[in-house]
Amino acid sequence: MTSPDGDPGGAARRSGDEAIRQAAERAKETADRNLPEWGELPLPHDTANLRRGADLHSGLLALLPLVGVWQGEGEANDPETGQDYHFAQQIIVSHDGQNFLNWQARSWVIDEDARFLRPDLRETGYWRIGPDDTIELLLAHAEGSIELFYGQPLTQTSWELATDVVIKADSGRRTGGAKRLYGLVEDGDLAYVEERVDADGDLIPRLSAKLRRYAG
């Protein structure tokens, strides 16, 4: 797409700028919230609020919009039963001034009235991004697997990744490779979709959610 001034990326950048502006406006409600601090460690505390704590490492500027605490709901498909279900989720993206982002995501199954039914997926890991804008996402899943994703920013506020390595523990659930797309949508929420390879080798929808900023 070419913008009126002839800059092929101009329209995408302006769209990203507007999303960031809207997110900043909504952040007036969340700017005072941050992660709790436990004990007196001789280290900078993790922060999910860019206004507090350590300064974000300059190497992470392309991932800056992800930092925060996000909460919302989504739809999932259980690969073992083939059944669709609703879930709620909290994602915490924090940092301590070093050149990586901490990632914690946990979800729980809900009914059609958003009532809690049972715990669901849980993952933890780290985001990195190199000078050439190559993203690395290393994830450990509670159900017994480790994944390494690589990807690229698509715009200032969207990122696409795909697995390069998937390792399953002996006691873990079978899992195939995956693709993920994250992005801030026009209202400033964080939305994502995950597609995962099934037993037949087909890439099928696995997860999708839309999360509102709770802190940061």
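When a residue number appears, it is its place in the shown sequence, counting from 1.
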Salt-bridge criterion met for E195 and R206 (N-O under 4.0 Å): no
Residues clustering with V166 (ILVMFWY side chains joined when closer than 4.5 Å, directly or via others): none
Sole residue of K168, E147, R122 in side chain to side chain donor-acceptor pair (under 3.5 Å) with H141: E147
Note, L181 side chain near L154 side chain (heavy atom, < 4.5 Å): yes
Intermediate values then yes/no, side-chain hydrogen bond (donor to acceptor under 3.5 Å, both in side chains), E112 and H86: CA-CA 7 Å; E112 293 184 355; H86 303 288; 4.7 Å; no
Beyond-backbone contact of H57 with N99, side-chain heavy atoms, under 4.5 angstrom: yes
Validation row: L101, L56 side chains within 4.5 angstrom (heavy atoms): yes
Heavy-atom closest pair, residues G177 and L203: O-CD1, 4.4 Å
Side-chain heavy-atom pair S94, N102 within 4.5 angstrom cut-off: yes
Any donor-acceptor N or O pair under 3.5 Å, side chains Q89, Y192: yes
Ring geometry between W103 and W127 (parallel below 30°, tilted from 30 to 60°, perpendicular above 60°): tilted
Donor-acceptor side-chain pairing of T134 and D132 below 3.5 angstrom: yes
Note: K210-D187 ion pair, threshold 4.0 Å (strictly below): yes
For the student: nearest non-hydrogen atoms of P153 and I129, plus distance: CG-CD1, 4.0 Å
Side-chain donor-acceptor contact under 3.5 Å, Y85 with N77: no
D111 atom CG, over 12 foreign heavy atoms within 6.0 Å: yes
Chi angles and distances behind the salt bridge (Lys or Arg N to Asp or Glu O under 4.0 Å) call for R196, D202: CA-CA 8 Å; R196 190 167 288 276; D202 298 321; over 6 Å; no
Neighbour count above 12 (heavy atom, 6.0 Å) for R212 CZ: no
Heavy atoms of other groups near E29 CD, more than 12 under 6.0 Å: no
Check: L184 and W159 side chains under 4.5 Å, non-hydrogen atoms: yes
Expected output: side-chain D198 to main-chain I204 donor-acceptor under 3.5 Å: no
Worked check of salt bridge (Lys or Arg N to Asp or Glu O under 4.0 Å) between R173 and E80: CA-CA 9 Å; R173 294 173 57 180; E80 294 188 345; 3.3 Å; yes
Pair E123-R180, salt bridge (Lys or Arg N to Asp or Glu O under 4.0 Å): steps then yes or no: CA-CA 14 Å; E123 62 186 34; R180 291 186 178 184; 3.0 Å; yes
Side chains of L148 and L137 in contact at under 4.5 Å (non-hydrogen atoms): no
Over 12 non-hydrogen atoms of neighbours within 6.0 angstrom of CZ in R106: no
Residue F100 excluded, over 12 heavy atoms near CZ under 6.0 Å: yes
Heavy-atom side-chain proximity of V69 to I91 below 4.5 angstrom: no
